[in-house]
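The sequence lines fix the lettering, A, B, ..., with proteins before strands; numbering per chain opens at 1. This structure is a prediction, so every number in the text was calculated from the model and none was measured.
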2 protein chains.
Amino acid sequence: MMTERKLATLLRREGYKVTPQRRAILKIVTETHDHLTPAALYERVQKAQPHIGLVTIYRTIQILEQLGLICEMHAERTSRSYLLKRASEHHHHIVCSGCGTVTDVTHCELEKLQEQLAKETGFEIDGHILEFFGYCRQCQRLKAE
Amino acid sequence: MMTERKLATLLRREGYKVTPQRRAILKIVTETHDHLTPAALYERVQKAQPHIGLVTIYRTIQILEQLGLICEMHAERTSRSYLLKRASEHHHHIVCSGCGTVTDVTHCELEKLQEQLAKETGFEIDGHILEFFGYCRQCQRLKAE
DNA sequence: ATGATAATTGATAATAATTTTCATTTAACC
DNA sequence: GGTTAAATGAAAATTATTATCAATTATCAT
Ligand SMILES: [Mn+2]
Ligand SMILES: [Mn+2]
Ligand SMILES: [Zn+2]
Ligand SMILES: [Zn+2]
């Protein structure tokens, strides 16, 4: 379980200062299960830190992503969105096109395929993104009406 | 093999007019193997149609994507980029982080996984994106130096 | 071929997302 | 508590994308 506290410790360990603004961001990130756009994160963090700047959100997101603590989602077209990595290992997502709910796909069987492709194509493959789209149970019901 | 001519015919069949601007766009799209951002496409099309507007590029891209003739790539962070669909079936990409070269991955074994996930999660899954990143042969050599 | 018509175009503006700059503040360390 | 380098935020700059609307034009039916 990733807590605000743990994330703060990780940041400090990497030489980053732990400021009230960052703490507020970490809090929201650990509490929220949906993926958040920078703007949405900003909005929520403002409740705890009304004077925080949007730039700080962007900068903190960048750090968290570099440390592999959050992952970028590729579902939304106009802006990126981010999500706390709950499973620390490599994994993927199913995103609901209706409500935005995100479910982790913990087993990833793509390493074999990746190796095979590397052989076939000569590429040195060092990563991939995989995301599924669809409708969650709830949104399926809503659609049916 | 997708030619400018064929694409034009498809557009007409769908009720779209084939204008000189669109023809120029189709020409570049069929000739180019790399993925292109709207801005890059604009730049190239301008050589044939100097007075074309960037808006026309965006609008034409939208049509081509809706018809499934080009596919959106998710590799680049700041802007989308697009690529002519050479294989008409569902497929994926390996993108070189060095030079942008894109190789198609024609076999997609994710349908089974997708079904299994649908059962496990209750989601009605209707699609996925999968893209690999790495370095092509040439860029591996350059890196080594 | 010609003309009617609805689609397309592009100049422009509006909107939205992201990054840069820089003076001020502050967390971490001693 | 004082020092210092990192972090902050106001503001502007940059970039990507979409909307508006008057002028143009491809297509189709004469
Ligand atoms: Mn996840
Ligand atoms: Mn492809
Ligand atoms: Zn849903
Ligand atoms: Zn390359």
* Asked: Using the benzene-type ring in the case of Trp, are the ring centres of A:His35 and A:His33 under 6.0 Å apart?
  ->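 Ring centres of A:His33 and A:His35 not closer than 6.0 Å.
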* To do: Enter the distance from A:Leu41:CG to A:Ser81:OG here, rounded to the nearest 0.5 Å.
  =>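 The distance works out to 11.0 Å.
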* Structure fact -> Taken to the nearest 0.5 Å, the spacing of A:Arg23 CZ from A:Thr19 OG1 works out to 7.5 Å
Would you say that [X] contacts [Y] through its side chain, given a criterion of any heavy-atom pair below 4.5 Å between the two side chains?
{"X": "B:Tyr16", "Y": "B:Ile63", "result": "yes"}
{"X": "A:Val29", "Y": "A:Leu69", "result": "no"}
{"X": "B:Ile125", "Y": "A:Phe133", "result": "no"}

Quick one: which protein N/O atoms are closer than 3.5 Å to N/O atoms of nucleotides 26-28 of chain D? Pair and distance per line, please.
{"from": "D:dA26", "atom 1": "N3", "to": "B:Lys17", "atom 2": "NZ", "distance (Å)": "3.0"}
{"from": "D:dT27", "atom 1": "OP1", "to": "B:Arg12", "atom 2": "NH1", "distance (Å)": "2.9"}
{"from": "D:dT27", "atom 1": "OP1", "to": "B:Val18", "atom 2": "N", "distance (Å)": "3.2"}

Find the distance [X]:[atom1] to [N]:[atom2] and express it as a whole number of Å.
{"X": "A:Glu72", "N": "C:dA17", "atom1": "CD", "atom2": "P", "value": "15 Å"}
{"X": "A:Arg13", "N": "C:dA28", "atom1": "CZ", "atom2": "C1'", "value": "17 Å"}
{"X": "A:Leu11", "N": "D:dA6", "atom1": "CG", "atom2": "C1'", "value": "13 Å"}
{"X": "A:Ile61", "N": "C:dT19", "atom1": "CD1", "atom2": "P", "value": "10 Å"}
{"X": "A:Ile57", "N": "C:dT19", "atom1": "CD1", "atom2": "C1'", "value": "15 Å"}
{"X": "A:Leu41", "N": "C:dT18", "atom1": "CG", "atom2": "C1'", "value": "15 Å"}
{"X": "B:Leu26", "N": "C:dT8", "atom1": "CG", "atom2": "P", "value": "13 Å"}
{"X": "A:Gln62", "N": "D:dA7", "atom1": "CD", "atom2": "P", "value": "12 Å"}

* Asked: Please walk me through it: do B:His92 and B:His128 pass side-chain hydrogen bond (donor to acceptor under 3.5 Å, both in side chains)?
  -> CA-CA 10 Å; B:His92 300 290; B:His128 61 258; 3.1 Å; yes
* Asked: Do B:Arg141 and B:Glu145 sit within salt-bridge range, that is, some charged N less than 4.0 Å from a carboxylate O?
  ->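 A salt bridge is absent here (no side-chain N lies under 4.0 Å from a carboxylate O).
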* Asked: Can you name the salt bridge (Lys or Arg N to Asp or Glu O under 4.0 Å) partners of B:Glu115, sequence neighbours left out?
  -> none
* Under the salt bridge (Lys or Arg N to Asp or Glu O under 4.0 Å) test, residues paired with B:Lys143 that sit two or more places apart -> A:Glu124
* Asked: What bend angle does the helix from C:dA1-D:dT30 to C:dC30-D:dG1 show across its length, from five-pair end axes and to the nearest 10 degrees?
  -> 40°
* Under 3.5 Å: donor-acceptor pair, side chain of A:Thr60, backbone of A:Thr56 -> yes
* Asked: Does A:Ile70 offer a backbone N or O that forms a donor-acceptor pair with the side chain of A:Glu65 under 3.5 Å?
  ->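 Here the side-chain-to-backbone pair does not exist.
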* Asked: Where along residues 44-56 of chain A does a heavy atom come under 4.0 Å from DNA chain D, residue by residue in number order?
  -> A:His51, A:Ile52, A:Gly53, A:Val55, A:Thr56
I'd like a list of close polar pairs between nucleotides 22-25 of chain C and the protein, N/O only, cut-off under 3.5 Å.
none

* B:Gln116 CD: over 12 foreign heavy atoms closer than 6.0 Å ->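 Counting other residues, nucleotides and ligands, CD of B:Gln116 exceeds 12 neighbours.
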